[in-house]
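As structure tokens, the structure follows; a few thoughts come after it.
In what follows, chains carry the letters A, B, and so on, assigned in the order in which the sequence lines appear, proteins first and then strands, with residues in each chain numbered from 1. Quick caveat, the model's predicted, so the values are computed rather than measured.
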Amino acid sequence: MSNYVESLGQFWGPLLVLGQIALFTLVLLLSIAFLLLLDRKVWAAVMMRKGPNVVGPFGLMQSFADFGKFLLKEIVIPAGANKTVFLIAPILTCTLAFAAWAAIPVAPGTASGTSWVISNLNVGVLYLFAISSLGVYGIIMGGWASNSKYPFLGALRSAAQMVSYEVSIGFVIVTVILLVGSMNLTDIVNAQEGGIWTWHAFSFQHFPLIIVMFPMFIIFFVSALAETNRPPFDLPEAESELVAGYQVEYGSTPYLLFMLGEYLNIVLMCALMTILFLGGWHGPFALGEEFVRDHPFVNAFAGLFWFMFKILFLFIMFAMVKAIVPRYRYDQLMRLGWKIFLPTSLVAVLIVSGYVAYLGVQS
Amino acid sequence: MAVFAFYLIAAVVLVSALAVIMARNPVHSVLWLILAFFSSAGLLVLIGAEFLAMLLVVVYVGAVAVLFLFVVMMLDVDFVELKRGTLRYWPFAVLVGIIFAAEIVLASVIGTADLASNFDASPGADTNAEAIGQVMYTQYLLLFQMAGVILLVAMVGAIVLTLRHRPETKRQNIAKQTSRRRSDAYELKDPTPGQGI
């Protein structure tokens with residue numbers, strides 16, 4: 001893709017990238033609107049409620065009604081708040097959540113080894129990791145700037161939680177990077193070509209490693225729940241203890257931005273899991289090489305479909321977890337992160353690097 | 001394009017670095033520092049060292065600066081009081097400033113005048129990460145491992161300094177908690193009316 005962009009020259013190249021960014025943003029915003037509704041619907045279904053069903057058919061327009069309401073409300077800033085930081089915090093959360101999507105490859109390109117992605121970074125995984133590690137600032141700034149007890153406690157909790165689980169997420173990512181030998185997300189997806197058994201969650205091409213990689217997938221899923229402050233790890237906003245955590249003083253558009261950022265991060269984590277463990281855009285059965293060569297566009301759109309399908313599947317899992325699992329206690333959360341996930345993933349890194357060094361097929 | 005980006009990012013770095021020491025509120029100082037780190041990562045991307053840039057963001061912005069922010073937010077230090085004391089040390093500050101300025105001038109005069117144009121961020125490899133890995137794990141292996149051991153020592157030291165055994169603290173035994181069954185928790189009695197247990 002990037003070669004093509006460069007071939008367009010000084011003017012049309014950047015314009016094309018801008019167009020891609022606008023398209024991504026639009027699609028993401030629209031999908032978030034419906035994913036939010038899906039989240040609430042799944043939650044309601046588990047509790048045998050109907051969920052939002054008033055606005056539009058089946059309540060499909062609910063998110064848009066909420067959106068309008070958030071926009072039209074007055075922005076209330078507490079008197080003792082640090083005004084600038086208070087307003088920058090939600091903007092930062094939202095911006096970072098969008099920025100991460102620049103490196104996500106969503107479908108195979110028409111030439112082999114390429115993909116549909118805004119920026120095909122060589123350090124794509126690290127970029128996503130860096131951006132998600134910045135996400136904590138939105139929360140900690142918002143909590144501090146509110147100048148109030150509950151938001152501050154929520155922010156501190158959340159910061160400690162996110163920093164803790166980032167460590168195990170980092171090690172899980174390292175196992176995948178070791179297997180592929182590249183940090184480029186497109187390469188990582190292409191390494192999982194050839195049907196459901198070659199996805200990293202199952203990794204039959206590295207046969208005995210399924211014992212390591214499948215637990216790694218589970219660990220990544222649980223850590224992603226903690227990283228995005230989702231139930232059962234939503235302690236930063238545990239309403240029985242902290243009212244709403246760092247969001248207590250927020251309302252109107254700033255709150256909307258926080259929520260948007262939160263959901264974008266959830267979808268991002270789903271996309272990351274899809275890319276790292278579930279084969280990205282590859283379907284559960286391999287398309288023949290000839291077919292791919294003869295019908296590149298069919299292949300691309302099939303890839304796009306599978307990618308979105310997998311993200312949707314993982315998102316429904318996220319929603320189900322929210323409905324089914326009761327909230328953890330804070331000490332249990334920390335114990336899980338530091339005493340169980342961290343040692344497990346560390347041992348996994350050792351095993352995988354041993355495998356790659358002594359048994360691996362690749363150089 | 002790249003030159004324009006360089007001047008833009010460099011300006012942000014300088015302004016935010018200046019704001020770190022000018023800001024009255026220490027939390028604002030840390031936030032400016034984070035912006036300075038982040039923009040420096042942008043400069044590294046511009047010279048092609050993308051791996052270093054990401055590491056800078058992950059390590060310094062994502063971890064170290066969070067700890068800074070934690071400490072500064074939690075500490076109840078009167079910074080006005082602290083600043084009054086620091087005025088006594090201005091000769092040192094001036095000395096350090098002069099040394100820094102002299103070094104920068106010397107480096108730009110003696111060193112390669114045009115760093116950006118003949119700089120190779122990944123010599124002898126495809127990517128920056130590979131180039132770093134190839135020298136770090138071969139040529140500088142000993143230094144690399146020594147750095148690791150020093151960090152470990154620092155960590156152990158910090159734990160030793162702060163760890164106190166307090167016998168009165170109640171600790172939780174998770175295995176005991178999860179292995180608890182209904183029969184351990186309560187027993188059913190069937191008292192006759194008027195008698196009690």
query = Between B:F51 and A:M183, is any pair of side-chain heavy atoms under 4.5 Å apart?
reply = yes
message = Between A:Y137 (side chain only) and B:V61 (backbone N and O only), is there a donor and an acceptor less than 3.5 Å apart?
response = yes
Non-hydrogen atoms of B:H28 and A:V85 that approach each other most closely = NE2-CG2, 3.7 Å
request  = Below 4.5 Å from any heavy atom of chain A, which atoms of B:L31 appear? Answer side chain, backbone, both or neither.
outcome  = side chain
ask   = In terms of heavy-atom proximity below 4.5 Å to chain A, should B:A63 be classed as side chain, backbone, both, or neither?
value = neither
ask   = Would one find more than 12 heavy atoms of other residues, nucleotides or ligands at under 6.0 Å from atom CZ of A:F98?
value = yes
request  = Enter the distance from A:I140:CD1 to B:L69:CG here, rounded to the nearest 0.5 Å.
outcome  = 4.5 Å
query = Side chain, backbone, both or neither: which part of A:L134 has a heavy atom under 4.5 Å from chain B?
reply = side chain
key: CZ/A:F86: more than 12 non-hydrogen atoms of other groups inside 6.0 Å   = yes
ask   = Highest number of heavy-atom pairs under 4.5 Å with chain B: which of A:G135, A:S132, A:S133?
value = A:S133
query = What heavy-atom pair brings B:F70 and A:A160 nearest, and what distance separates the two atoms?
reply = CZ-N, 4.2 Å
task = Would you indicate whether the side-chain heavy atoms of B:V57 and A:F129 approach each other to under 4.5 Å?
result = no
message = Quick check for you: to the nearest 0.5 Å, what is the distance between A:N122 atom CG and B:E50 atom CD?
response = 5.0 Å
request  = Indicate yes or no: at least one non-hydrogen side-chain atom of A:N82 is less than 4.5 angstrom from one of B:N25.
outcome  = yes
inquiry  = So for B:L56, is it side chain, backbone, both, or neither that comes closer than 4.5 Å to the heavy atoms of chain A?
reply    = neither
query = Atom CG in A:L128, atom CE in B:M54: separation rounded to 0.5 Å?
reply = 9.5 Å
remark   = One option among A:V163, A:V136, A:L156, A:T84 has the most heavy-atom pairs under 4.5 Å with chain B, and it is A:L156
key: Other residues, nucleotides, ligands: >12 heavy atoms within 6.0 Å of B:F38 CZ   = no
message = Heavy-atom cut-off 4.5 Å, strictly under: side chain, backbone, both or neither for B:A65 against chain A?
response = both
key: Region of A:M162 that comes under 4.5 Å of a non-hydrogen atom in chain B   = neither
ask   = Is atom CH2 of A:W101 surrounded by more than 12 heavy atoms (other residues, nucleotides or ligands) closer than 6.0 Å?
value = yes
request  = Using a 4.5 Å cut-off on heavy atoms from C-beta on, say whether the side chain of B:V27 contacts that of A:M141.
outcome  = no
